[in-house]
Amino acid sequence: MSVRTLPLLFLNLGGEMLYILDQRLRAQNVPGDKARKVLNDIISTMFNRKFMEELFKPQELYSKKALRTVYDRLAHASIIRLNQASMDKLYDLMTVAFKYQVLMCPRPKDVLLVTFNHLDAIKGFIRDSPTILRQVDETFRQLTEVYGGLSAGEFQLIRQTLLIFFQDLHIRVSIFLKDRVQNSNGRFVLPVSGPVPWGTEVPGLIRMFNNKGEEVKTVEFKHGGNYVPAPKEGSFELYGDRVLKLGTNMYSVNRPVETHMSGASENLASRTQESIAPNPLAKEELNFLARLLGGMEIKKPSDPEPGFRLNLFTTDEEEEQAALTRPEELSYEVINIQATQDQQRNEELARIMGEFEISDPPRRSASKGDDLLAMMDELSLC
Amino acid sequence: MVAADSAGPEDPGVRMFRRESSIPLRCSAAALCNNLSVLPLPVRNLTHFGVVHGPSAQLLSAAPEGVPLAQRQLHAKGGAGVSPPLITQVHWCVLPFRVLLVLTSHRGIQMYESDGSVMVYWHALGSGDASPVQAVFARGIAASGHFICVGTWSGRVLVFDIPAKGPNVVLSEELAGHQTPVTDIATELAQGQDCMADVVTADDSGLLCVWRSGPEFKLLTQIPGFGVPCPSVQLWQGTVAAGYGNGQVRLYEASTGILHVQINAHARALCALDLAPEVGKLLSAAEDTFVHIWKLSRSPESGSIEVEHCHGECVPDTQVCGARFCDPSGSSFAVTGYDLAEILRFSSV
């Protein structure tokens, strides 16, 4: 599908991650300075120039599992530590939120406005750090350059690619359930009222023309929805009114982060099958991760500040319970990779592994390839 | 299910279609346009359905009650890459002497016997002069006489000459008319007249090309787009029906390209059109969760094409991605939705 999808996927999921971390930092009463430093560290890693260069190269999308590793590393680019259950929950919330936004996009092109909403909010988090602001603006410039000239058809392909990435993900999120935008089966509510997309007429009219192009007859019909015209088009400029609210921060002190986990029972059989089957392409994914993560510059532990644990759950008991009761098909732990014994891992991978800051040593380290695997398995256990 | 609209004024309040039991799928449908192919087999009282999941496609045949009898999973050939190649469309092509199932993907074109059991032909797509930012794929499938036409990412339409039996499929022609990826192709049986338009191709820019098929295809006319893709197109008695990304359905005279009808039909992008040729019924389905059924006719005075709204069906919370009539008289239709692991069926009351 579209090889232009990864930057949008990464930036929007990253934006959602920051919203959630920000809310949890507040909920855990982390002092303002410390919380700001966490967000600053993550955002400057996320928008690192070299990393963005890798990200913007035309490429296919990778599995949800491979991408999760990138966010694992990103979250741990700061002094916070997330255990497996909290990291799972964080990734679930991020993916469900962005899936919702992609599904609701009035036009395929509006996925760009959703991205801008995330970037606008990210700029709010780092408004006191001009250096990082410049990094984000640089990414904004890249987005405009790459996506500004794409046709509606190309955006449609991007949206289809994103929707295929999110297909069969039916995790219920309480904030969506409360807002009645998600049904109890995990499917989203699709409204049949409100403004139509920019460039679309309110349905309900048939116009007929003669051979000379003159309108000879108009007939109304009852469409069944209750739509109104689009107010105006959102701004695709660096600063401007995006009009669209999708992608803005939906969490607040009064709207905490919560998830209900639901096993995707309807597709259980097929999903299980997929995860058991050895994945011959995993080596490619490792190379992708190596390249992408290679661009992420993590600061050496010169930082004397001790790390602290962030909990995505209200209590430690809930977190433990979640780890025990997580449906198997939603687990990111087990990875079937056949290529682990491959000794010719590139030097890049070795370099990355040398940089990894994992407080516990990985359990096995037969080769560098294994190390990265171990990281995918174990990073969040630290 | 909510009936958005009842029948015409003579018949207010009467539901035209009711929901039948749905057919379970092993995997959910992918968010692709025209993501449902239907092949009615009246002799055996069966209907074949084909739906794309993503890297795989599912074929199944069902009895009238919707009980799936035989199932088959097809995969895209040519798996070199980071992730398994994605399928873009499956479609049954009814040729004079045989029926072939055609599968298009990001790697190439696969042609199977109608039950999907044997692959009779494989055409690999070359990336040719594609830039690295260009996605390479085939999309848009239709049969015209003994030809099968398949659209591609580059805008070229490949015309394959299909033998009455056996695997000796020949790529006979490449049609250049489109500059952007082909989205859909529609055909109808030429009725013997000269200069009869019998093939129409659509693309991502909304451009339509109208052709006359034959040993050499002839481009008759081009109908310009207006900045939105045309994901689905149909051809009926010399009239082109085109569904667009802005929710509109437009009807053009195929031979001249003159616009005769413009319907503000849907609130979101169109994803499928279908025709019941025996009765001139047109079905339109869109991402706004609605399926509409229209009656096409020719004005007795002017001879120009007219249209009447017959039925609207809301499929709640379903981003529709495929919809087809299940019989040539348009008395039943089936619908697929993104992320939905079933085929919904409706039939007239």
Side-chain angles (χ1 to χ4, degrees), chain A residues 1-4 57-63 103 106-108 151-154 156-157 159-160 163-164 166-170 183 187-190 192 196-197 199-211 213 216-217 219 221-225 227 266-267 269-270 280-281 284-285 288, chain B residues 2-5 26-28 30-32 54 79 81-84 86 106 132-135 137 180-181 183 203-205 227-229 231 245-248 253 256 258-269 288-290 292 302 304 306-309 312 314 316-319 338-339 341:
Chain A
M1 300 299 274
S2 173
V3 290
R4 285 297 198 198
K57 285 181 182 161
Q59 55 196 304
E60 290 177 42
L61 286 191
Y62 303 84
S63 65
L103 199 62
R107 300 171 303 174
S151 68
E154 286 167 295
Q156 191 191 30
L157 195 63
R159 181 167 179 266
Q160 288 173 345
L163 288 175
I164 286 173
F166 289 123
Q167 202 173 321
D168 298 328
L169 179 83
H170 297 288
N183 290 319
R187 294 183 64 81
F188 292 111
V189 174
L190 301 184
V192 292
V196 294
T200 293
E201 305 278 345
V202 173
L205 189 69
I206 305 172
R207 299 167 68 195
M208 300 181 212
F209 307 89
N210 65 13
N211 283 337
V216 289
K217 195 169 160 189
V219 182
F221 74 94
K222 197 163 171 262
H223 171 268
Y227 298 97
E266 51 182 308
N267 290 309
S270 63
L281 303 164
E284 292 282 349
E285 288 201 319
F288 147 73
Chain B
V2 179
D5 197 8
R26 283 168 73 187
C27 296
S28 61
L32 301 165
V82 172
S83 43
L86 291 168
H106 284 251
V133 298
Q134 182 80 50
F137 57 87
T180 62
T183 49
D203 74 21
D204 255 352
S205 72
V228 291
N246 67 348
Q248 279 187 351
E253 194 75 55
T256 60
I258 292 174
L259 172 69
H260 279 297
V261 181
Q262 177 178 316
I263 313 171
N264 297 334
H266 292 273
R268 292 287 178 103
D288 63 357
T289 76
F290 282 91
H292 288 296
S302 64
S304 61
E306 296 196 330
V307 68
E308 182 191 357
H309 183 243
C314 175
D317 302 333
T318 303
Q319 185 184 300
Y338 166 63
D339 236 357

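So you know, we letter chains A, B, ... as the sequences are listed, proteins then strands, and number each from 1.
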For this session: Please state whether the side chain, the backbone, both or neither of A/Asn183 comes within less than 4.5 Å of a heavy atom of chain B.
Result: side chain
Problem set entry | Student check: side-chain heavy atoms of B/Leu32 and A/Gln160 closer than 4.5 Å | yes
Exercise. Can you tell if the side chain of A/Val219 reaches within under 4.5 Å of the side chain of B/His309, non-hydrogen atoms only?
Worked result: no
Exercise. Which answer fits B/Glu253, side chain, backbone, both or neither, if we ask what part of it has an atom under 4.5 Å from a heavy atom of chain A?
Worked result: neither
Problem set entry | Side-chain heavy atoms of B/Thr180 within contact of A/Ser151, under 4.5 Å | no
For this session: List the steps, then state whether side chain to side chain contact (heavy atoms under 4.5 Å, CB included) holds for B/Ile263 with A/Leu205.
Result: CA-CA 6 Å; B/Ile263 313 171; A/Leu205 189 69; over 6 Å; no
Exercise. Atom OG in B/Ser304, atom NZ in A/Lys217: separation rounded to 0.5 Å?
Worked result: 9.0 Å
For this session: Please assess B/Val307 against A/Met208 for the test side chain to side chain contact (heavy atoms under 4.5 Å, CB included), listing each intermediate value before the final yes or no.
Result: CA-CA 8 Å; B/Val307 68; A/Met208 300 181 212; 4.2 Å; yes
Exercise. Taking A/Arg159 for the side chain and B/Ala31 for the main chain, is one N or O donor matched with an acceptor at less than 3.5 Å?
Worked result: no
Exercise. Which one of A/Leu157, A/Val3, A/Leu163, A/Val196 has the most heavy-atom pairs closer than 4.5 Å to chain B?
Worked result: A/Leu163
Problem set entry | Which of B/Ala267, B/Pro132, B/Gly227 touches chain A most, by non-hydrogen pairs under 4.5 Å | B/Ala267
Exercise. Checking A/Glu201 against chain B: side chain, backbone, both or neither under 4.5 Å from a heavy atom?
Worked result: both
Exercise. Are B/His260 and A/Asn211 close enough that a side-chain donor and a side-chain acceptor fall under 3.5 Å?
Worked result: yes
Exercise. Does the side chain of A/Thr200 come within less than 4.5 Å of B/Arg268's, by heavy atoms?
Worked result: no
Exercise. For the residue pair B/His292 and A/His223, is the inter-centroid distance of their aromatic rings smaller than 6.0 Å?
Worked result: yes
Problem set entry | B/Ala30, part contacting chain A, at a heavy-atom distance under 4.5 Å | both
Problem set entry | Engaged part of A/Val202 at the chain B interface, taking heavy atoms whose separation is under 4.5 Å | backbone
For this session: Identify the heavy atoms of B/Phe290 and A/Val192 that sit nearest to each other, and give their distance.
Result: CE1-CG1, 3.7 Å
Problem set entry | Side-chain touch B/Val261/A/Ile206, heavy atoms, less than 4.5 angstrom | yes
For this session: Please state whether the side chain, the backbone, both or neither of B/Ile258 comes within less than 4.5 Å of a heavy atom of chain A.
Result: side chain
Problem set entry | Heavy-atom contact with chain B under 4.5 Å, split by part of A/Arg4 | side chain
Exercise. Hey, are the side chains of B/Asp288 and A/Tyr227 touching, using non-hydrogen atoms and a 4.5 Å cut-off?
Worked result: yes
Seminar exercise, completed: In this structure, CZ of A/Phe166 is separated from OH of B/Tyr338 (nearest 0.5 Å) by 8.0 Å
Problem set entry | Separation of B/His106 NE2 from A/Glu60 CD (nearest 0.5 Å) | 9.0 Å
